[in-house]
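Both backbone and side-chain heavy atoms feed into the values below; hydrogens, waters and symmetry mates do not.
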Amino acid sequence: MLFQLLKTLVLIGFISLIVLLFISIYLTNKSIVPIKETFEKQKQFIADASHELKTPLAIIKTNTSLVLSHPYDTIKNQSKWINYINLQTDRMSELISEMLSLAKMDAAENKLPLSPINISKIVESMILMFDAVIYENNIELETNISKNLFINGNKESLKKLFSIIMDNAIKHTNKNGNITVSLFSDKNKVKMIIRNTGEGIEPEHLERIFERFYRVDSSRDRETGGYGLGLSIASSIVKQHKGKIYAKSNIGEFTSFIVEIPQQSSL
C-alpha cells in the first residue's frame with residue numbers, strides 16, 4: 001500500500017515536472033516573440049533605409065561625375081547637374097530627419113511630455129497655415145471644428161501630426177477637389193477626421209499604409225517626394241498620446257484619416 005502510494009506520488013511529480021516544463025517553454029517562447037518581432041522590424045527598417053538612400057546617392061555620384069568631366073566649364077552651363085545634386089541632397093536630408101524622428105519615438109526613454117492642451121486651437125491655427133497651399137492647388141476646404149476640446153498632449157507633436165495628414169490629403173486630392181477637416185467629441189474621445197476627395201486607397205493597402213517605407217503607389221509617391229515614413233510617424237505620435245489612427249476609403253471617391261485621442265475635462 002505504501003509502495004503504491006509512493007509510486008503514485010512519483011508519477012504525479014513526474015507529470016507535474018513535464019507540465020511545468022511545457023508551460024515554461026510556452027511562456028519563454030511567448031516572451032521572445034515581441035523581441036523577435038522588434039529585431040525583425042529593425043532589420044527590415046535598416047534594409048529599407050539603405051535601399052532608399054541608394055537612389056539619391058547614385059544620382060549625386062552620377063551628376064558629380066558629369067560636373068567633374070568638364071572642369072573648365074562655367075557653373076551656369078553645369079547648373080542642371082548641380083541642381084540635381086542639390087535636390088537629392090535635400091531629399092536625403094528629409095529622409096534622415098524622418099528616420100531620426102522615428103528612432104527617437106521608438107526609444108522607451110524618449111516618451112513625449114504630455115500636458116492638458118486645447119487641441120481645437122491647435123487645429124484651427126494649423127488650418128490657417130495651409131490656406132495658401134490649398135488655394136494654389138484649387139482645392140475647396142470645409143471645416144467643422146468644435147471649440148475648446150482638451151486632451152493630454154504634446155503641442156509640437158500634434159502640429160506635426162496634423163501637418164503630415166493634411167499634406168498627404170493635399171497631395172492626393174483630385175483636381176478641383178475637396179478637403180474636409182472635422183474635430184469633435186465622441187464618447188469621451190476627441191476625434192479628428194481629415195477627408196479628401198480623390199482616387200482613394202484599395203482595401204488591401206489600408207492596413208499597411210502606416211508601415212514604414214510602405215507606398216500604395218511607389219512611382220506616384222516618388223514624384224511627390226514621399227518616402228513612406230510620414231504616416232508611420234503620425235501613427236507613432238498617436239500611440240504616444242494613447243490614441244489610435246486609421247483610414248477609410250471608397251475607390252474613386254474619397255479617403256478619410258481618423259485620429260481618436262482620449263478627451264480631458266475642460267480647464
Verify same cluster id: [X], [Y] (apolar side-chain graph, 4.5 Å):
X	Y	value
F257	I164	yes
I117	M192	yes
I151	I258	no
I193	I139	no
L158	F184	no

For [X] versus [Y], what's the shortest heavy-atom pair and its separation?
X	Y	value
L206	I209	O-CG1, 3.3 Å
A234	I245	CB-CD1, 4.3 Å
S146	S120	O-OG, 2.7 Å
T255	S249	OG1-OG, 3.1 Å
N63	W81	OD1-CE3, 3.2 Å
P71	L68	CD-O, 3.4 Å

Indicate yes or no for a side-chain donor-acceptor contact from [X] to the backbone of [Y] under 3.5 Å, with no hydrogens or angles considered.
X	Y	result
H241	N154	yes
S235	S232	no
N152	Q264	no
Q263	S185	no

Item to check | Polar contact flag, side-chain donor to acceptor under 3.5 angstrom, N178-T197 | outcome: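 T197 and N178 do not have a side-chain donor-acceptor pair below 3.5 Å.
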For a 4.5 angstrom cut-off between non-hydrogen side-chain atoms, does [X] reach [Y]?
X	Y	value
N138	K175	no
K147	E124	yes
N144	T180	no
I59	L87	no

Once you round to the nearest 0.5 Å, how far does [atom1] of [X] lie from [atom2] of [Y]?
X	Y	atom1	atom2	result
E202	E199	CD	CD	9.5 Å
M126	M166	CE	CE	9.5 Å
S182	I194	OG	CD1	9.5 Å
M129	D131	CE	CG	11.0 Å
K244	I261	NZ	CD1	12.5 Å
N137	K171	CG	NZ	11.0 Å

Item to check | Sole residue of I127, D167, I237, I119 in side-chain contact (heavy atoms from CB on, under 4.5 Å) with F162 | outcome: I127
Checklist entry - Taking everything shown except I75 itself, do over 12 heavy atoms lie less than 6.0 Å from its CD1? => result no
Checklist entry - Does D73 CG have over 12 foreign heavy atoms under 6.0 Å away? => result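 Enclosed.
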